[in-house]
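Okay, so here's the structure we're looking at.
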Amino acid sequence: MRVLFAPGVVKEVISAEVVPMDIGDGKIIGTQVNFKLAPSGDMLEYIYSQSVPIEESGQRAIDFVNGLYEKGYGDFSSEPTEVL
């Protein structure tokens, strides 16, 4: 699968997963999307901006990952995220 991460930055990914960003004691502070890169297996981890409500960020992340698996490509460059 191919993902556009920024203008001119396309990377091949093996997998993508959506996980809650848990700081302990079950306190969720955000939504995280983890990408495993091909062929190295390196991980790219992104978290949605705190300006996006958790419910919305979770749904956006799930929709993106589902679309990525369905189409085989996705544009992540416009998502309000930050690299961890």
Side-chain angles (χ1 to χ4, degrees):
M1 298 175 290
R2 290 193 177 129
V3 177
L4 174 68
F5 287 100
V9 180
V10 175
K11 296 189 184 264
E12 191 75 26
V13 299
I14 299 167
S15 67
E17 72 173 331
V18 177
V19 295
M21 183 153 196
D22 186 344
I23 59 170
D25 295 331
K27 181 161 174 60
I28 308 298
I29 62 166
T31 302
Q32 188 172 329
V33 181
N34 300 328
F35 296 96
K36 189 173 196 177
L37 301 178
S40 66
D42 291 343
M43 295 293 290
L44 277 179
E45 299 174 331
Y46 287 83
I47 184 166
Y48 274 81
S49 170
Q50 290 184 352
S51 65
V52 179
I54 291 175
E55 297 82 10
E56 180 183 340
S57 67
Q59 190 60 54
R60 286 179 74 137
I62 289 169
D63 290 345
F64 176 81
V65 170
N66 284 340
L68 178 62
Y69 279 96
E70 290 172 3
K71 297 183 288 189
Y73 61 88
D75 181 353
F76 199 67
S77 64
S78 62
E79 293 296 309
T81 59
E82 302 169 12
V83 177
L84 287 179

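Nothing here was measured: the structure is a model prediction, and the numbers come from that model.
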| query | Are side-chain heavy atoms of Val33 and Tyr48 found at a separation under 4.5 Å? | reply | yes

| query | Where is the tightest heavy-atom contact between Ala6 and Leu4, given as atom of each residue plus distance? | reply | O-CD1, 3.0 Å

| message | Restricting to non-hydrogen atoms, name the atom on Met1 and the atom on Glu12 that form the minimum distance, rounded to 0.1 Å. | response | N-OE2, 2.9 Å

| If you take all heavy atoms of Val19 and Asn34, which pair is closest and at what distance? | CG2-ND2, 3.6 Å

| ILVMFWY network linking Ile62 to Ile47, side-chain heavy atoms under 4.5 angstrom | no

| Exercise: identify the closest heavy-atom pair between Gly30 and Ile54 | N-CD1, 4.0 Å

| said: Tell me the closest heavy-atom pair linking Ser78 and Arg60, and the distance in Å. | reply: O-NH2, 4.3 Å

| note | Note: Phe35 and Leu68 closest approach over all heavy atoms is CE2-CD2, 4.3 Å

| request: Please answer: with hydrophobic residues joined when any side-chain heavy atoms are less than 4.5 Å apart, are Leu84 and Val9 in the same cluster? | output: no

| query | Under 4.5 Å between side-chain heavy atoms, hopping through other hydrophobics if needed: is there a path connecting Leu37 to Val65? | reply | yes

| Are Ile28 and Ile23 connected in a single hydrophobic cluster, I mean Ile/Leu/Val/Met/Phe/Trp/Tyr linked by side-chain heavy atoms less than 4.5 Å apart? | no

| Are Tyr46 and Val18 in one and the same hydrophobic cluster, where Ile, Leu, Val, Met, Phe, Trp and Tyr link if side-chain heavy atoms are under 4.5 Å apart? | yes

| message | Let me confirm one number: the CD-CD distance from Gln32 to Glu17, rounded to the nearest 0.5 Å. | response | 8.5 Å

| said: Taking OH in Tyr73 as the centre, count heavy atoms belonging to other residues, nucleotides or ligands within less than 6.0 Å. Is the count above 12? | reply: no

| message | Taking side-chain contact (heavy atoms from CB on, under 4.5 Å) as the criterion, tell me which of Ser57, Pro53, Ser49 meets it with Thr31. | response | Ser57

| task | Step by step, work out the side-chain contact (heavy atoms from CB on, under 4.5 Å) result for Val3 and Phe64. | result | CA-CA 10 Å; Val3 177; Phe64 176 81; 4.1 Å; yes

| query | Checking side-chain contact (heavy atoms from CB on, under 4.5 Å) for the pair Phe76/Leu44: CA distance, chi angles, key distance, verdict? | reply | CA-CA 12 Å; Phe76 199 67; Leu44 277 179; over 6 Å; no

